[in-house]
Number of protein chains: 2
Amino acid sequence: MLNNKWLHTFYVLVEVGHFTKTAEKLFMTQPGVSQHISKLEAQLDVALINRIGKSFELTEAGKTLYDFIKLQKQQEQTLKNSIKEDSEYKGMCSLGCSGAVATLIYPHLLSRQAQYLDLSIHLQADSNQGIIDKITKNKIDLGVVSQQLPSTELHFEKIANESFCLILPASYKDKQVSFSELLRLGFINHPDGHQYAERLLTANFKGEFKSITQFKQSGFVNQLNQILLPVAFGLGFTVLPEFAVKQFNEPNKLFTLPLAHPISDDLYLVHKANKELPQRYNWLRLNIGKFLAVS
Amino acid sequence: MLNNKWLHTFYVLVEVGHFTKTAEKLFMTQPGVSQHISKLEAQLDVALINRIGKSFELTEAGKTLYDFIKLQKQQEQTLKNSIKEDSEYKGMCSLGCSGAVATLIYPHLLSRQAQYLDLSIHLQADSNQGIIDKITKNKIDLGVVSQQLPSTELHFEKIANESFCLILPASYKDKQVSFSELLRLGFINHPDGHQYAERLLTANFKGEFKSITQFKQSGFVNQLNQILLPVAFGLGFTVLPEFAVKQFNEPNKLFTLPLAHPISDDLYLVHKANKELPQRYNWLRLNIGKFLAVS
DNA sequence: CTATAACCATAACAAAACTTTATCATAAAA
DNA sequence: TTTTATGATAAAGTTTTGTTATGGTTATAG
């Protein structure tokens, strides 16, 4: 740890080229300057100046140190200018959410970044638990999750509701779909597939449905935008949030089963309760809900 | 000037997340840590942490400061590693010399740089006085000049000798060239032209030559490698250092007048007497003379 | 060429800054 | 609720830092 005061004295000495005048400039006495330089040299174990009579020359190490101090001073100035700054349009916003939410909101984030070039938004798709962990560990500041935990450390705010849909190939349109039909068709799985399916099937096929393991697994894809492809091909059914279905580009190849007991999850914005989010998060907090609202 | 010790305490506190444990780690007591943080906050006039019961959260300013300290620590480490280093093959060499010398040695410097990529050589063409000034003001470390000054501050070392040549168009080859012939032909001027010409003509045309103003000026070029073009075209004569002539690519179009009284300048390597040059200058000091020796 | 003034280094002392001890208030844990 | 742990604050003690006093050396003036 280099003593900043000594560094400053050395810096001024180099610019002034004179111990006594340096002392005057720093409102101290000449021996103080001498001592600062000696101490610096002792600490770095290298000669900073070459004393020639009453004058001196910078050594190579001295020049190196001088340049270093100059740089540090600039950086410190930059810090002092920026540390109190809190702009809506500058800085990094870190956000975590599910893959489905990510694909839905990412275009909006990009257009915002395009508009405010000093703004950078880091979007990270993750599981609920992963998001909570990252917020707790200060890896990200804001999250969108589908469950509200009873934590005093975290602040939750409901922003949207995602309905789950049971998606079938279009050939089932206007038909009566029985549970055995589903069994025959088979399930297309994806990362949150089992969880979604269990909830939806339990509510809507009471008695018949016991466990997702009843179904033959007709496929698994881990890319959100490809989950619906096998369904469109007639290879199976799946359960997804409504807005993940909306963005599929061949909706006429799909059929969304009308449900007697609709199932949905609330979505919450999460951040640390005791950490006030900077201004640049305002827009996100205000608008994410809109982006997720299914028209 | 931010106190480095306080910064370090804050840095450790952020990593540890605990005042008491931070104190232990820093071999100090807990109140010390509290005070360091308070002082930093007072100095920067901004809250760095948000105290929540006995725990705390970093504020935005705190995060900014933490990142700043992290960077500074890295830089300080880099400094400590490099400040004692003195390699032959690393760092910046700054050199000043005349345009003639520059064109002669520049290819050698480039090939050296190509061999040692961490070496950077800054070559600056300038007048003798300009070079001396720059060395005195520490803008450059080394110079090649054609006069030795009686300065105690500077160290001169003779490294080469540049002969001056009177250059005529090839058509004068093997002819007796009289002074009136020169007057008729006219003088091609260049930055150091008058100085060179006065010295050479005074010595070799005693009685006849009075001043360079006797000559009609047939041209002026300020690019070294183009000075000899008008001479080759038969448009005039000029006076140049021998090694500036050697590099002209159509020597058969030129004729160098044999002189009764050869004129030459000694060339000196200059640097500050009290400033030991780093190792990376060794090669330059050793070899510049060779590059300037006319074979 | 000596005398004088300017300059930097060193040592001893004074002042300031810092660290610790002591104590209190509050929060987490039992 | 009681106990234990944690951090803040104030006052005392310690260390560090800066100043005064002094001396040696180098430049400048007479």
Side-chain angles (χ1 to χ4, degrees), chain A residues 1-59 62 136 150-154 272-275, chain B residues 1-59 62 136 150-154 272-275:
Chain A
M1 287 274 84
L2 294 169
N3 185 319
N4 248 331
K5 236 180 231 170
W6 301 349
L7 289 177
H8 183 235
T9 304
F10 175 71
Y11 183 79
V12 175
L13 176 69
V14 172
E15 304 228 307
V16 170
H18 219 265
F19 281 70
T20 309
K21 284 177 190 162
T22 299
E24 283 172 20
K25 200 164 185 177
L26 296 175
F27 302 104
M28 58 192 289
T29 55
Q30 168 267 311
V33 177
S34 285
Q35 288 173 39
H36 280 190
I37 307 305
S38 309
K39 283 169 177 172
L40 259 186
E41 290 185 318
Q43 196 176 355
L44 289 169
D45 190 29
V46 66
L48 298 171
I49 59 178
N50 202 350
R51 291 143 220 258
I52 312 302
K54 63 188 208 173
S55 175
F56 68 85
E57 285 290 343
L58 263 191
T59 63
T136 307
S151 159
T152 56
E153 198 189 355
L154 297 172
K272 279 205 171 175
N274 297 311
K275 187 170 180 176
Chain B
M1 286 274 84
L2 294 168
N3 185 320
N4 246 332
K5 234 179 234 171
W6 301 348
L7 289 177
H8 184 234
T9 304
F10 175 71
Y11 183 79
V12 175
L13 175 70
V14 172
E15 305 228 307
V16 171
H18 218 266
F19 281 70
T20 309
K21 284 177 190 161
T22 300
E24 282 172 19
K25 200 164 186 177
L26 296 175
F27 302 105
M28 58 193 287
T29 56
Q30 168 267 313
V33 177
S34 283
Q35 289 173 41
H36 280 192
I37 307 305
S38 311
K39 283 169 178 172
L40 259 186
E41 290 185 317
Q43 196 177 355
L44 289 169
D45 189 29
V46 66
L48 297 172
I49 59 177
N50 202 349
R51 290 143 221 259
I52 312 300
K54 63 185 207 176
S55 177
F56 68 87
E57 284 291 344
L58 262 191
T59 63
T136 308
S151 159
T152 55
E153 199 190 352
L154 297 172
K272 280 207 171 174
N274 297 312
K275 188 170 181 177

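Reminder, nothing fancy here: chain letters follow the sequence lines and each chain counts from 1.
Distance A:Lys21 NZ to C:dC8 C1': 14 Å, rounded to the nearest Å. Here the P atom of nucleotide C:dT20 and the CG atom of B:Leu26 are 10 Å apart, to the nearest Å. In this structure, B:Met28 places its CE atom 17 Å from P of C:dA17, rounding to the nearest Å. When rounded to the nearest whole Å, the span between CD1 of B:Ile49 and C1' of D:dA8 equals 11 Å. Across the protein-nucleic acid pair, A:Asn50 atom CG and C:dC8 atom P stand 15 Å apart, rounded to whole Å. In this structure, CD1 of B:Ile37 is placed 17 Å from P of D:dT6, rounded to the nearest angstrom.
Side chain of B:Glu15 to main chain of B:Thr22: no donor-acceptor pair is present (N/O by atom type, distance under 3.5 Å, no hydrogens or angles). Between the A:Thr9 side chain and the A:His36 main chain, no donor and acceptor come within less than 3.5 Å of each other.
Nearest heavy-atom pair, A:Thr29 versus A:Ala23, reported as atom, atom and distance to 0.1 Å: C-CB, 3.5 Å. Of all non-hydrogen atoms in B:Leu48 and B:Glu41, the two that sit nearest each other are N-OE2, 2.7 Å.
Remark: B:Arg51 is in phosphate contact with D:dA8, judged by side-chain N or O atoms under 4.0 Å from OP1 or OP2. Remark: B:Asn3 is in phosphate contact with C:dC18, judged by side-chain N or O atoms under 4.0 Å from OP1 or OP2. Contact annotation: B:His36 side-chain N/O to C:dT19 OP1/OP2 distance is under 4.0 Å. In this structure, A:His18 does not reach the C:dA6 phosphate: none of its side-chain N or O atoms is under 4.0 Å from OP1 or OP2.
Residues B:Thr20 and B:Glu24 have side chains that never bring a donor and an acceptor to within less than 3.5 angstrom of each other.
Across the interface with DNA chain D, nearest-nucleotide mapping of A:Gln30 and A:Lys5 shows A:Lys5 to be the residue nearer the 5′ end. Two residues, A:Pro31 and A:Ile52, neighbour DNA chain D, and the one matched to the more 5' nucleotide by heavy-atom proximity is A:Pro31. Toward the 5′ end of DNA chain C lies the nearest nucleotide of A:Phe56, the other residue of the pair A:Gln35 and A:Phe56 mapping further downstream.
Here A:Gly32 lies in heavy-atom contact (under 4.0 Å) with a base. Heavy atoms of A:Lys39 sit under 4.0 angstrom from primed sugar atoms or phosphate atoms, though from no base atom. Among the atoms of the strands shown, base atoms are found under 4.0 Å from some heavy atom of A:Thr29.
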